[in-house]
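Structure first, commentary second.
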Protein chains: 2
Amino acid sequence: MLKKQLIMEKALELFSEQGFEATSVQQITERCGISKGAFYLSFKTKDELIISMVENYLQRFVTDVDQVVKSSLSKDIKLVEFYKSIFQAFKNHAAPARVFFNEKVLLSKKELFQKIIAYDVEMSKSIIYMLEQLYQDELHETKYDVMYCIKGFMKSYSELFIFSDIPLDLDQLARSLAEKTEIIARHTTIPFITEELVQLTAKPCNEEVSQESLLELIGQHLDGLEESIERESLELLKVQIENTTYSKPILKGLIENLRLQPDHRWVAYVIAKYFNI
Amino acid sequence: MLKKQLIMEKALELFSEQGFEATSVQQITERCGISKGAFYLSFKTKDELIISMVENYLQRFVTDVDQVVKSSLSKDIKLVEFYKSIFQAFKNHAAPARVFFNEKVLLSKKELFQKIIAYDVEMSKSIIYMLEQLYQDELHETKYDVMYCIKGFMKSYSELFIFSDIPLDLDQLARSLAEKTEIIARHTTIPFITEELVQLTAKPCNEEVSQESLLELIGQHLDGLEESIERESLELLKVQIENTTYSKPILKGLIENLRLQPDHRWVAYVIAKYFNI
DNA sequence: TATACTAATGACTAATCGGTCATTTGTCAA
DNA sequence: TTGACAAATGACCGATTAGTCATTAGTATA
């Protein structure tokens, strides 16, 4: 789908310049050099466009970071590489960052809110994974606080990339923040963020996932999905939802199959939530 | 002006629910129980409303914090009280916080952008004042980094108040963050944020680079720069600024020569901006 | 060349927007 | 009761919006 990509790119430019609500479909199609009708061949509504964009760009950001975290880099340099990859991403993709990290209008649309939260949770998990790897048992109660600090560093320092194009030394920035993280991790004694708190913020809308809406979501995903492990997993899960049979480990495995493919991460997240996994 | 206050309050509710662009004047007047005409007796335009609101709420937030900073509290407790006042404000005024700290659509309106930046600068100044008071000469080069960390803590932890209404122990939060700040201040050795950088972000980025200031900057760089490709490039560029002769590709090449050397990256950036390259 | 089919168009609609202004309502002193 | 003045109204305006659909253009097959 080349057309879809083109629209997303140009729309991104406009959203980052003017904001989502203030940008009209007309403007988007003009910048693409296509007709208004052509837009609606690619996306059913304007909302569908922004949803696709969130999936496209946030997905990439989160998985990029996760890749560094899960890489075989030595402990000495992992933290530095972690920060370097994050700010490299902010530098190269300042426009999407501006839109998705700042435009919280998006949060008034429930579906998007959930999705953005979900990606934030993914990011948190990556960071926690890294911290456990780096410090193992040294961090007990302060693990989640260190995670919050890291996210704070990201938020604060990323503004340098988002609101200006001053040339910055990424290496030094990464080393500087790695040192700060190290210091915080080694010396903090007063915890505040508990595991319980993290779980609470992960699902602020304690809205239950209804069986009906979940089956519909799965139906949509199955459409236009060719024969594959993912399809089979999804079909098995669908049966499972209608009539419980398998045990938790099997379910978890099936969901994990889906999670590997970026396109299915969201549906995997929702199913996991439904089964409380 | 009671009517003005009423409108601002109700508008704030709606903005925090739906965002600025997505909220119509009609909706505001309906919630206020007044007519559309009455709205325009208080505010000339919808934009004037949001500007007034920014002034009203951000003003209060910044001055509240500044009051604590400038107070006669002892060093031991000042940091804790600083954080307590900040999160107290976030707790009590979650709605304005949601609007003004997250809705960066506002930034597409130039006048507002400048104003919000101005308040951010005020906040930074308060924090720096506090750090100088607390640590005096102990912090040399890392002063601005500590300030960025504090702002990062604020951004990260404030989400707990903005996106949920979980009951939280403000005292422990403040003590926890005060400890983190203390640790960072005492142990950081690798600085990243320089005074120059802070001044740059304080200025609106669209500012034209004047020929005069540019020549001065180049002059500074030429001093203490021995004979080299970089020096020659810089001298050629200096001549070029005073009297255009070369074509764009040549200029770009000369600037590129400078960019390779970290020390000259900044001057390269400014020159590129001057020539619109 | 004729046919069949998809991709693309842009005039069109109904709704909504920010903003205006002739008119009505409410409140005084005389 | 009247007249004068300000406060408040809401029908109305032109512009703009998201979204539709009859029509046309382009392309592949027969």
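Atoms considered below: every heavy atom in the structure, side chains included; atoms not considered: hydrogens, waters and symmetry mates.
Of the side-chain N and O atoms in B:K3, one or more sit less than 4.0 angstrom from OP1 or OP2 of D:dA8. Residue B:S24 places at least one side-chain N or O closer than 4.0 Å to OP1 or OP2 of C:dC17.
Distance A:E21 CD to C:dT16 P: 14 Å, rounded to the nearest Å. Rounded to an integer number of Å, the gap from CZ of A:F20 to C1' of D:dT17 is 12 Å. When rounded to the nearest whole Å, the span between CD of B:Q26 and C1' of D:dT9 equals 13 Å. Residue B:Q27 contributes atom CD, which lies 15 Å from atom P of C:dG19 at whole-angstrom precision. B:K4 places its NZ atom 16 Å from the C1' atom of D:dA7, with the value rounded to the nearest Å. For B:L14 and C:dC17, the CG to P distance is 12 Å, given to the nearest whole Å. Atoms CD1 (B:I34) and P (C:dT24) sit 21 Å apart, rounded to a whole Å. With rounding to whole Å, A:F43 atom CZ is found 14 Å from C:dA8 atom P.
Of the possible polar contacts, one joining the B:K46 side chain to the B:F20 backbone as a donor-acceptor pair under 3.5 Å is found.
When all heavy atoms of B:Y129 and B:V69 are compared, the closest pair comes out as CD2-CG1, 3.4 Å.
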Any chance you could lay out the side-chain contact (heavy atoms from CB on, under 4.5 Å) test for A:L14 and A:R31, step after step, and finish with the verdict? CA-CA 9 Å; A:L14 286 161; A:R31 188 167 289 199; 3.5 Å; yes

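Among the protein residues, A:K36 comes within range of the nucleic acid bases, having at least one heavy atom under 4.0 Å from a base atom. Residue contacts for A:T23: at a heavy-atom cut-off of 4.0 Å it reaches the sugar-phosphate backbone alone, with no base atom in range.
B:K151 and B:S124 form a side-chain donor-acceptor contact under 3.5 Å, judged by distance and modelled atom types alone.
Side chain of A:K46, nearest nucleotide from D:dG10, C:dA8, D:dA18: D:dA18. Comparing C:dG18, C:dG10, D:dA8 by their nearest atom to the side chain of B:Y40 picks out C:dG18.
Of the charged side-chain nitrogens involved, at least one lies within less than 4.0 Å of a carboxylate oxygen, so that A:R231 and A:E235 count as a salt-bridged pair.
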